[in-house]
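Okay, so here's the structure we're looking at.
Below, read A as the first sequence line, B as the second, and so on, with proteins coming before strands; counting in each chain starts at 1. The structure presented is a predicted model; accordingly, all values stated were derived computationally and were not measured.
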Amino acid sequence: MQATSLPKKSFLLAGTAGLLGLLSLYYFFDPHQGAFPACPFYQLTGWFCTGCGSQRALHDLLHLNLLESLGHNLLLLPALVLVAWHGAHLAGVGPKAKSPLGATRAPRYILMVIGIFTLARNLPWDPFQFLAP
Amino acid sequence: MSDLSNQPAKPNNYLVLAILCTVCCCLPAGVVSIVYAAKVNETYARGEYDLAEKYSSNARTWGIVGLVVGGIGVILYIALIGFGVFAGIMENAGY
């Protein structure tokens, strides 16, 4: 691995600090009680988008309530796992298996999953209610 | 061997940025970015390297647009709340 240059290093440092700050915000303040902005897409259209519920899901995840986190947004945890896997792969650490995000057809499959998920969570019937935030 | 060295490196498709954008910022820009990520992969696999480069920069642009718009929204909101709390404290301090 080559040495990272100074601007890149400070950028990484600022990014890490910002991320930690954001995570602690979502740990200590509860989005269930309206501490954060609601999704503008939902406010405009009345429909749930792909990311709706991810703030509550992140709060629950940080408090290790896995089931509740998945109940608010089923895709947040898998997305974070995939991103972490991909990041570890790029950094050359972690499992030897190839990151699924590196596959040629990965974006296509992700689009399909997002489309089906977003459609399904807006259906008002019972089995799909779990997908709603 | 010459084939291999003529082949340019695969341009970044910014898929991670697009995913984070879609799941966290709830913005359609993330979806646009994923579409361009798919186009980067497909054009590169077909050997249309210039087109892949173009789609790559589109994917980056849309990913950044979504992140900036979402980020600014959250920061504005938090700043407004903070300002409201501060104003409330100052108002009470007057009494």
Mind listing the closest non-hydrogen atom pair of Val23(B) and Ser54(A) along with its distance?
O-OG, 2.9 Å
Would Leu119(A) and Phe48(A) show up in the same hydrophobic cluster when neighbours are defined by side-chain heavy atoms closer than 4.5 Å?
no
Hydrophobic clustering (ILVMFWY, side-chain heavy atoms < 4.5 Å, transitive) - are Tyr42(A) and Leu58(A) grouped together?
no
Under 4.5 Å from any heavy atom of chain B - which part of Leu76(A):
both
Heavy-atom distance under 4.5 Å to chain A: side chain of Leu15(B), backbone, both or neither?
side chain
Output the distance between atom CZ (Arg46(B)) and atom OG1 (Thr104(A)), rounded to the nearest 0.5 Å.
12.0 Å
Give, for atom OG1 of Thr50(A) and atom CD1 of Ile19(B), the distance between the pair rounded to the nearest 0.5 Å.
12.0 Å
Answer yes or no: is there an ion pair linking Glu42(B) with Arg108(A), defined by an N-O contact shorter than 4.0 Å?
yes
Out of Thr22(B), Ile34(B), Val31(B), which residue meets the side-chain contact (heavy atoms from CB on, under 4.5 Å) rule with Ile110(A)?
Ile34(B)
Val40(B) versus chain A, heavy atoms under 4.5 Å apart: side chain, backbone, both or neither?
neither
Ala103(A) portion near chain B, given a 4.5 angstrom heavy-atom threshold
backbone
Side-chain heavy atoms nearer than 4.5 Å, only ILVMFWY residues, links allowed to pass through others: does that put Tyr26(A) and Leu64(A) together?
no
Atom NZ of residue position Lys10(B) - does it have more than 12 heavy atoms of other residues, nucleotides or ligands inside 6.0 Å?
yes
Test of understanding: clusters of I, L, V, M, F, W, Y form through side-chain heavy atoms closer than 4.5 Å, transitively. Do Leu67(A) and Leu61(A) belong to the same one?
no
Please say yes or no: joined through hydrophobic side-chain contacts below 4.5 Å, possibly via intermediate residues, are Leu62(A) and Leu20(A) part of one cluster?
no
